[in-house]
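Chain letters run A, B, ... following the sequence lines, proteins first, then strands; residues in each count from 1. Because only heavy atoms are used, hydrogens play no part in the values below, and waters and symmetry mates are left out as well, while side chains stay in.
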Protein chains: 2
Amino acid sequence: MDKTLKRMATMHRMQVTGLELFYQNGYYNTSIDDILKALGLSKGAFYYHFDSKEDFFISIVQNLVVQKFYSHMIEPIEGQEDPLNNILNTFENSLATAEHNSLDHGFMLSNFITEFNGKNPVIMKYLKDIYQIWEVNLVSLLQKGKSDGYVARHVDSEGVASYLTASYIGIRTLMVEGNSRTLRYQYIQQLRQYFKMLAQKEMA
Amino acid sequence: MDKTLKRMATMHRMQVTGLELFYQNGYYNTSIDDILKALGLSKGAFYYHFDSKEDFFISIVQNLVVQKFYSHMIEPIEGQEDPLNNILNTFENSLATAEHNSLDHGFMLSNFITEFNGKNPVIMKYLKDIYQIWEVNLVSLLQKGKSDGYVARHVDSEGVASYLTASYIGIRTLMVEGNSRTLRYQYIQQLRQYFKMLAQKEMA
DNA sequence: TTTATTTCCGACCAAGTGGTCGGTCGACCC
DNA sequence: GGGTCGACCGACCACTTGGTCGGAAATAAA
């Protein structure tokens, strides 16, 4: 068991550092040597634990990326009260975190989707799955919001969910090129207006 | 002048093919040899016309990308009637074009912004400028819409513009991973609702 | 036809790339 | 102590990268 522990510990260290660099510089722009140098490890160590660079990245997605996504974007939106409020708060918190992180490099998921699109269908599948978990969660939350009277019944939950994820991805992309404070404020403000509409029983 | 013409013609051919491949595979993932092979030209020809790969890319942005952006995203939204309607139609047309293009690789501008962020500030500047032209145009259009009575006076033009560009960037990013038809429909539908709100004289 | 100049060729280079492989070293078992 | 085995080392390989350079066609000027 000790051996297994050591093995796991090393693999985990590699994955953490790997994700950091992949997120920072992109997958194709980060060499295995870069990661190994940051870790003080050698080629031998890497290929002892992982089959290939791709295998390594997939293991990172399955372990770290999924986990991060759940804890930052999925779990915080769940709750018994007004789902629109929960979504708004979760989005605002995420944007605030990004804003105050000078090392922010955009929305991890959409960055990778953009990079792998048309190049690696296998990895794309994993990323797509994460996105869909996000959307499904939003939809069911909005549906529940309808039963609970927080969301107007005429609202198209799927449409709103797509619209929400799209706008969030977009604003995160824009925030990387500076001016993030204003962008966050404007975005939340507009989202608030939009949600006010979704909550209304009747449209004019 | 003939020489200049030939020179320009070759350079233009290189730029067109270059943009095609850069858009398809990304800048760092497209080698000069790839482009040259597609053109049937040699290394010598390339470095005779351009100083470096970066110089080449910048020339592409300044010539082709800016031009494309103007003709597809800026000029179509201008008009005397309802600006909200113009924006909606322009966005819908762009999304429809992307949807019916099986070779679509996402929104060019945001793809490049994502790729160059934190890696090449010089190129980032050029991309950022294009984005800002977009936003400025949207803002002034919305302002005019206010004077003309199409847009409610309480609306924050800057905020709406940011929100619009963000949502468009996001939906284009999502459309690359399939299901583009549904996404476009949902997006336009939600945008319509949102615009209805912006046009209203008073909020409930 | 010679001469000059623009345009293009392709061999070459140093610096990387992902991946392989024989070997070392220490912890544990007998 | 000897042997086994998991964990790691680092030289090495074939290949690709952006970029250089001497020279050769093509074209225009004389």
Side-chain angles (χ1 to χ4, degrees), chain A residues 1-61 63 112 115-116 118-123, chain B residues 1-61 112 115-116 119-123:
Chain A
M1 286 301 161
D2 262 349
K3 331 174 182 184
T4 313
L5 268 184
K6 167 138 204 205
R7 181 180 176 79
M8 298 284 274
T10 304
M11 289 177 76
H12 190 255
R13 266 186 66 219
M14 288 178 168
Q15 289 168 335
V16 169
T17 303
L19 178 56
E20 205 172 309
L21 295 183
F22 285 144
Y23 170 56
Q24 202 173 102
N25 310 316
Y27 174 82
Y28 293 108
N29 225 1
T30 304
S31 70
I32 298 176
D33 280 339
D34 290 340
I35 301 167
L36 260 13
K37 199 192 295 176
L39 285 161
L41 288 175
S42 68
K43 273 275 175 68
F46 182 87
Y47 283 96
Y48 174 72
H49 290 293
F50 301 98
D51 289 344
S52 64
K53 190 184 181 185
E54 176 174 328
D55 172 68
F56 176 55
F57 185 79
I58 291 175
S59 84
I60 290 179
V61 172
N63 294 47
F112 286 143
E115 184 168 14
F116 288 111
K119 281 174 214 152
N120 192 320
V122 178
I123 293 183
Chain B
M1 284 302 161
D2 261 349
K3 335 174 181 182
T4 314
L5 266 186
K6 166 135 204 208
R7 181 180 175 80
M8 298 285 272
T10 305
M11 288 176 78
H12 190 256
R13 266 186 67 217
M14 288 178 168
Q15 289 168 335
V16 169
T17 304
L19 178 57
E20 203 172 312
L21 295 182
F22 284 145
Y23 169 56
Q24 201 173 104
N25 311 316
Y27 174 82
Y28 293 108
N29 225 2
T30 303
S31 71
I32 298 177
D33 280 339
D34 289 340
I35 301 167
L36 261 12
K37 198 190 296 175
L39 285 161
L41 288 175
S42 68
K43 272 277 175 67
F46 182 87
Y47 283 96
Y48 175 73
H49 290 292
F50 301 98
D51 289 344
S52 64
K53 189 184 180 184
E54 175 174 328
D55 172 69
F56 176 55
F57 186 79
I58 291 175
S59 85
I60 289 178
V61 172
F112 286 143
E115 183 168 14
F116 288 111
K119 281 175 214 151
N120 192 319
V122 179
I123 293 182

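In this structure, CG of B:D33 is placed 18 Å from P of C:dG16, rounded to the nearest angstrom. Atom-to-atom, CZ of B:F46 to P of D:dC21 comes out at 17 Å; the value is rounded to the nearest Å. Distance B:Y28 OH to C:dG16 C1': 15 Å, rounded to the nearest Å. The distance between atom CZ of A:R7 and atom P of D:dG6, rounded to the nearest whole Å, is 10 Å.
The side chain of B:K43 lies closest to D:dT20, out of D:dC9, D:dT20, D:dA7. In this structure, of C:dC8, C:dG18, D:dC8, it is C:dC8 that holds the atom nearest to the side chain of B:A45. In the set D:dG19, C:dT20, C:dC8, C:dC8 carries the atom at the smallest distance from any side-chain atom of B:S42. Comparing C:dT17, D:dG18, D:dT17 by their closest approach to the side chain of A:D34 singles out C:dT17.
For B:T17 (side chain) and B:L39 (main-chain N/O), no donor-acceptor pair under 3.5 Å exists by modelled atom type. Within the 3.5 Å criterion, the main-chain N or O of B:Y27 finds a donor-acceptor partner in the side chain of B:E115.
A sub-4.0 Å separation between OP1 or OP2 of D:dT20 and a side-chain N or O of B:Y47 is absent. Between D:dC8 and A:Y48, no contact under 4.0 Å exists linking OP1 or OP2 to a side-chain N or O. For A:T10 and D:dC8, the shortest distance from a side-chain N or O to OP1 or OP2 is below 4.0 Å. Phosphate proximity of C:dC8 to B:H49: present, with a side-chain N or O under 4.0 Å from OP1 or OP2. Between A:S31 and the phosphate of C:dG16, there is no side-chain N or O to OP1/OP2 separation shorter than 4.0 Å.
Heavy atoms of A:K53 sit under 4.0 angstrom from primed sugar atoms or phosphate atoms, though from no base atom.
Classification of the A:F116-A:F57 ring pair by plane angle, with boundaries at 30° and 60°, yields tilted.
Closest heavy-atom contact between B:T30 and B:K53: O-NZ, 2.9 Å.
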